[in-house]
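Below, each value reflects all heavy atoms present in this structure, side chains not excepted, and no hydrogens, waters or symmetry copies.
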Amino acid sequence: MSRPIEAIKHQMRPTKPTLAASANTRPATRSGTFAIGGDLPVHRLGFGAMQLTGPGVWGQPADRGQAIAVLRRAVELGINLIDTANSYGPYVSEELIREALHPYPKGLVIATKAGLARTGPGKWISLGRPEYLRQECEMSLRRLGVERIDLFQLHRIDPKVPADDQFGVLRDLKKEGKIRHAGLSEVNVAEIEAARRIVSVATVQNQYNLTYRNSEDALDYCTRENIGFIPWFPLATGDLAKPHGAVTRIARQLGGQPAQVALAWLLKKSPVMLPIPGTSKVKHLEENTAAALIDLDDSMMEELTNSQRNPNEHGSSAL
Ligand SMILES: NC(=O)c1ccc[n+]([C@@H]2O[C@H](COP(=O)([O-])OP(=O)(O)OC[C@H]3O[C@@H](n4cnc5c(N)ncnc54)[C@H](OP(=O)(O)O)[C@@H]3O)[C@@H](O)[C@H]2O)c1
């Protein structure tokens, strides 16, 4: 029996008071460590806090108690990277994080973003005017209750505003000590390089998962340059948690769940990969975090990698 199978089966048995069992009560600690910007270490398997808001990422969650419970459980499970944005709710996700976790445990990294305006449920509009980015940084500081934001990400480069002006705000906020590290979202290699001429880029957050790999170039670049790569929609908005194809075949072999296999594939793909699966449910959070206990072997990695059919869709029947 290979180590991963033992690890997963162990996780699924009733907890026993053994050393191994207590190590598995904080599974995220087993996902490996990455130092954001070279000096901010996180366990690589994080949590995305977008799903905690109302439908269309708008307004309050249906069950506020459950949202708070998810955030607290994430920290208990060893997660110390939580991704959010001013636009999730808007503001609701950041407010929930503060309510659930402030005063923050030592070592917890909260990554937020600005650069998208919200005009209604499911509506997102790029807004990169420097005064807006600065205002939203100030408001995130206030909402989160911190003196400095650990990781502040430009949610989108606004094509209506010179890109250098948007990168320039990140540089200035960093110099002023309002943010510790700067990140980008939905960018290609040329854009990352353009930004790096102005400000040091600690992370790149692009859509990426087993069935959507359009950012392979950006991922390779980040791996080479030791820039954290945060894949959004790591579960293809839940498609990869559904039972079909290679993820399910391999999950059955390991005694795990499809979502765990999809996340384990990401973790193994690159040492700079920082997946942030999102969920509104404690049960799914626990299941997803146990992915850190899976070590896919080379043949499983190959089968999963090759099972991709349509790289331009979130989900694929092959998976
Ligand atoms: N930078 C950007 O432009 C951008 C864009 C989108 C998202 N993001 C970030 O990426 C994070 C992740 O994205 P996401 O949450 O939208 O997508 P995701 O992680 O790919 O999938 C989340 C969806 O999968 C379901 N799910 C999660 N775990 C499951 C499980 N074990 N079994 C069955 N269903 C499961 C969730 O539903 P339940 O709630 O029912 O579990 C939810 O609908 C977000 O939270 C956000 O922080 C960034």
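Ile82 and Leu45 fall into different hydrophobic clusters, defined by Ile, Leu, Val, Met, Phe, Trp and Tyr side-chain heavy atoms under 4.5 Å apart, directly or through other members. A continuous path of ILVMFWY side-chain contacts below 4.5 Å connects Val109 to Val201, so both sit in one hydrophobic cluster. Under a hydrophobic clustering in which Ile, Leu, Val, Met, Phe, Trp and Tyr are joined whenever their side-chain heavy atoms come within less than 4.5 Å, directly or via other members, Val199 and Val161 fall into different clusters. Both Val146 and Ile179 belong to a single network of hydrophobic side chains, linked directly or stepwise wherever heavy atoms of I, L, V, M, F, W or Y lie under 4.5 Å apart.
Salt bridge status for Glu176 with Arg148: absent, with no side-chain N to carboxylate O gap under 4.0 Å. Ion pairing of Arg129 with Asp165 is absent here, as no side-chain N (NZ or NE/NH1/NH2) approaches a carboxylate O to less than 4.0 Å. We find that Glu76 and Arg26 are not joined by a salt bridge, their nearest charged nitrogen and carboxylate oxygen being 4.0 Å or further apart. The pair Glu131-Arg134 does not count as a salt bridge, with every side-chain nitrogen at least 4.0 angstrom from each carboxylate oxygen. Under the 4.0 Å criterion applied to side-chain N and carboxylate O atoms, Asp164 and Arg197 are not assigned as salt-bridge partners. A salt bridge between Glu303 and Arg249 is present, with a side-chain N of the basic residue lying under 4.0 Å from a carboxylate O of the acidic one.
Using bins of under 30°, 30° to 60° and over 60° for the plane-to-plane angle, the ring pair Tyr208/Trp265 lands in the parallel bin.
The closest side-chain donor-acceptor pair between Glu94 and Ser140 falls under 3.5 angstrom. For the residue pair Thr112 and Thr84, no side-chain donor N or O sits within less than 3.5 Å of a side-chain acceptor on the partner. For the residue pair Arg143/Asn86, the side-chain donor-acceptor check at 3.5 Å is not satisfied. For the residue pair Arg64 and Gln60, a side-chain donor N or O sits within less than 3.5 Å of a side-chain acceptor on the partner.
Considering all non-hydrogen atoms of both residues, Ile149 and Cys137 come closest at CD1-O, 3.8 Å. Heavy-atom minimum distance, Ala202 versus Ile227: O-CG2, 3.5 Å. Contact between Asn288 and Leu235 at its shortest, heavy atoms only, is ND2-CD1, 3.9 Å. Heavy-atom minimum distance, Leu210 versus Val247: CD2-CG1, 3.5 Å. The heavy-atom pair separating Gln153 from Asp83 by the smallest distance is NE2-OD1, 3.1 Å. The minimum heavy-atom distance between Glu191 and Leu184, with the atom names listed, is O-CD1, 4.4 Å.
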*asked:* Test ring-ring contact (aromatic ring centres under 6.0 Å, His included) on Phe233 and Tyr212; report intermediate values, then the result.
replied: CA-CA 9 Å; Phe233 284 174; Tyr212 185 93; 8.7 Å; no

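Within the 3.5 Å criterion, the main-chain N or O of Gly145 finds a donor-acceptor partner in the side chain of His102.
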